[in-house]
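What you are looking at is a predicted structure, and each value in this text was computed from that prediction instead of being measured.
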Amino acid sequence: MADRQKVAVFGAAFVLRLLLICVFPSLPDLLTGRVEVSTPVTSFKRLQEGLFLYTRNVSPYDGGVFHQAPLLLPLFSLLPGVKSSPFSTAIFYSLVDLVNAHALITISNSGQSVQSRRHSAVRKHIRWDGVSVAAWFLFNPFTIATCLARSTSVFTASGILFAVSNAVSGNSVNAMLALGFASYLSLYPALLFVPLVLLCYDQRAQKQAPNSFIFTLQHAAILLGSITGLLGVSYLIIGNFWDFVSATYGFHLLVPDLTPNVGLWWYFFIEMFDSFRGFFLGVFWLHLASYVGGFTARLWRQPLFIITSLLGIFAVFKPYSSISDASLYFALLPLYRHLFPLMRYTFFAISALLYSTLLGPAFYHLWIYAGSGNANFFYAITLVWSLGLSILLADSIFACLRDEWEQAHPEAQGQEVKQV
């Protein structure tokens, strides 16, 4: 029965994506140009520019437009041209979504969200099955928009989801290799190493607890080795090592392109004096990385929840945010169906997200095309978007902590708790 449901959900999701392209043939190009979906480091148009140079034996980074990983170029060079065969690319991206959904089913069926080595949820009987979680992901409008826009962020999401699915399955080596692939593409997934290795350690310790220090060093070596190997292959493709490193990872770190997006960085650095830019770049990156230690120290009993929460943090605070980052966070959030009864501000969070989703394109149009607004219009609505995500994230963390507290104090289950 579950297999039939999975086939039905996957088939419907696949057909829906192709149907949207058939009915609205201009939709992919429209979404590709939207700043809410495509960023300078995930844009399909910029990938096409790099591919054009690459197929003509010119460095793809010479144009100053392409800032993505070199290994994407030989991959997309194997596909037919998007102009001559648009359905080939659409089918490829749709299949990637289905692969990601399969990884989500593996994560859900492992039961790690409700029962880990050190934690057992009080309401663990309240949960959705893996197919329902996959359907939540596949039919999420943000996921569909990302797929149709052909954003390369889907490959980063694949690396993260496969890293987690292998970790919960006990394949720690494959988990580190997948995380290395995701980190090679987008840099920021490397921050997930600490909770991911903690998740791998918990799975291994259920059979026989290894030395934690040696276990961490071994997996750090695997992660670094996988990234080094991918960089080595990239060097063989491009030839000039520093050329692509500065154009990809340097671009991520220094944020030179201030194209508007749904994140918080672009407007702040537009208004920033150049003399203070280096200092605030360090502050912003330190702020993003600081959540790893705090979450791990407090929620170490639930490493999968740490990964989920960090993905929510990335969706709010990474430099080039898009709705694809939020869709990845929303994909893992249904794993914690048992926490939903404990959440207090779900209505406000969802209202803020819907409000900003509907008004964001309108405010951008008023600013860029109608000329009746300015940058403050669009930045204000991105602040509402970030506020909605922050409320949802903080509320889920409260629910997680409340669930841990009720596990330690079963006599107080259901009672109101006030901070004194």
Side-chain angles (χ1 to χ4, degrees), residues 113-114 116 119 121-123 126-127 136 140 142 160 164 188 191-192 194-195 198 262-265 268 283-319 321-357 360 379-409 412-420:
S113 57
V114 295
S116 62
H119 175 73
V122 175
R123 299 167 179 81
I126 305 177
R127 56 178 302 195
W136 179 283
N140 185 334
F142 297 148
I160 293 173
V164 178
Y188 75 89
L191 296 174
L192 297 175
V194 175
L198 185 59
V262 297
L264 303 174
W265 291 51
F268 186 87
V283 170
F284 272 53
W285 276 111
L286 182 63
H287 173 258
L288 179 63
S290 63
Y291 286 97
V292 178
F295 281 177
T296 305
R298 181 59 186 86
L299 301 169
W300 59 276
R301 295 181 182 87
Q302 303 185 62
L304 182 57
F305 185 78
I306 299 174
I307 295 173
T308 303
S309 300
L310 285 176
L311 291 176
I313 291 293
F314 297 155
V316 178
F317 294 115
K318 61 177 285 195
S321 298
S322 68
I323 62 172
S324 64
D325 300 297
S327 72
L328 181 57
Y329 173 59
F330 294 153
L332 291 175
L333 201 57
L335 297 174
Y336 294 91
R337 171 68 181 86
H338 61 282
L339 298 181
F340 289 1
L342 299 174
M343 296 173 67
R344 304 163 296 173
Y345 306 116
T346 309
F347 173 77
F348 298 103
I350 294 176
S351 298
L353 291 173
L354 289 176
Y355 176 83
S356 55
T357 300
Y379 189 62
I381 206 65
T382 61
L383 289 177
V384 177
W385 167 263
S386 298
L387 176 65
L389 284 176
S390 300
I391 293 174
L392 188 62
L393 179 63
D395 207 18
S396 65
I397 294 172
F398 166 82
C400 176
L401 295 176
R402 176 62 194 257
D403 183 69
E404 281 192 358
W405 186 82
E406 288 189 354
Q407 183 190 19
H409 305 85
Q413 183 176 344
Q415 296 182 9
E416 184 178 358
V417 176
K418 293 183 179 180
Q419 184 176 4
V420 179

Which atom names give the shortest non-hydrogen contact between Ser327 and Phe142, and what distance separates them?
CB-CB, 3.8 Å
Can you find a pair of side-chain heavy atoms, one from Leu310 and one from Leu191, that are under 4.5 Å apart?
no
Taking only distance into account, with no hydrogens and no angle test, what donor-acceptor pairs under 3.5 Å do side-chain atoms of residues 389-398 form with protein atoms, sequence neighbours excluded?
unit_1: Ser390; atom_1: OG; unit_2: Ser386; atom_2: O; d: 2.7
unit_1: Asp395; atom_1: OD1; unit_2: Arg344; atom_2: N; d: 3.1
unit_1: Asp395; atom_1: OD2; unit_2: Arg344; atom_2: N; d: 2.8
unit_1: Asp395; atom_1: OD2; unit_2: Tyr345; atom_2: N; d: 2.7
unit_1: Ser396; atom_1: OG; unit_2: Leu392; atom_2: O; d: 3.4
unit_1: Ser396; atom_1: OG; unit_2: Leu393; atom_2: O; d: 2.7

How many angstroms lie between atom CD1 of Ile323 and atom CG of Leu353, to the nearest 0.5 angstrom?
12.0 Å
Treating Ser309 as the side-chain partner and Ile306 as the backbone partner, does any N or O pair qualify as donor plus acceptor under 3.5 Å?
no
Ile381 to Gly360 - nearest heavy-atom pair and separation
CG2-CA, 3.7 Å
Nearest heavy atoms of Val292 and Pro195, plus distance in Å
CG1-CD, 4.5 Å
Give every residue pair that meets the side chain to side chain donor-acceptor pair (under 3.5 Å) criterion with at least one member in residues 289-302, sequence neighbours excluded.
His287-Tyr291, Arg298-Glu404, Gln302-Glu404
Under the side chain to side chain contact (heavy atoms under 4.5 Å, CB included) rule, collect the residues that match up with Leu354, sequence neighbours excluded.
Ile350
Near Phe340 CZ, under 6.0 Å, is it more than 12 heavy atoms from other residues, nucleotides or ligands?
yes
Search all heavy atoms of Ala349 against all heavy atoms of Gly388 and return the closest pair with its distance.
CB-O, 3.7 Å
Roughly how far, to the nearest 0.5 Å, is the OG1 atom of Thr382 from the CG atom of Leu387?
11.0 Å
Under the side chain to side chain contact (heavy atoms under 4.5 Å, CB included) test, which residues partner Arg127, sequence neighbours left out?
Ser108, Val114
Can you name the ring-ring contact (aromatic ring centres under 6.0 Å, His included) partners of Tyr379, sequence neighbours left out?
Trp266, Tyr267
Under the 3.5 angstrom rule, does the side chain of Ser321 hit a backbone N or O of Phe317 as a donor-acceptor pair?
no
Hey, could you give me the CG/CG distance between Leu383 and Leu264, rounded to the nearest 0.5 Å?
6.5 Å
Please identify each residue that fulfils side-chain hydrogen bond (donor to acceptor under 3.5 Å, both in side chains) with His119, with sequence neighbours left out.
Asp403, Gln407
Can you tell me how far the CG atom of Leu342 sits from the CG atom of Leu401, to the nearest 0.5 Å?
11.0 Å
For Ser324, enumerate each residue passing the side-chain hydrogen bond (donor to acceptor under 3.5 Å, both in side chains) test, keeping only those at least two apart in sequence or located in another chain.
Ser153, Ser322
Working to the nearest 0.5 angstrom, can you tell me the gap between Cys400 SG and His338 NE2?
7.0 Å
How would you list, by chain and number, every residue that makes a ring-ring contact (aromatic ring centres under 6.0 Å, His included) with Phe305, sequence neighbours excluded?
Tyr336
Hey, are the side chains of Leu192 and Leu311 touching, using non-hydrogen atoms and a 4.5 Å cut-off?
yes
Could you list the residues that satisfy ring-ring contact (aromatic ring centres under 6.0 Å, His included) with Phe284, not counting sequence neighbours?
Trp265, Phe268, Phe269
Distance col, row Ile160:CD1 vs Phe314:CZ, nearest 0.5 angstrom, shows 7.5 Å
Considering only heavy atoms from C-beta outward, does the side chain of Ile313 approach that of Tyr188 to under 4.5 Å?
no
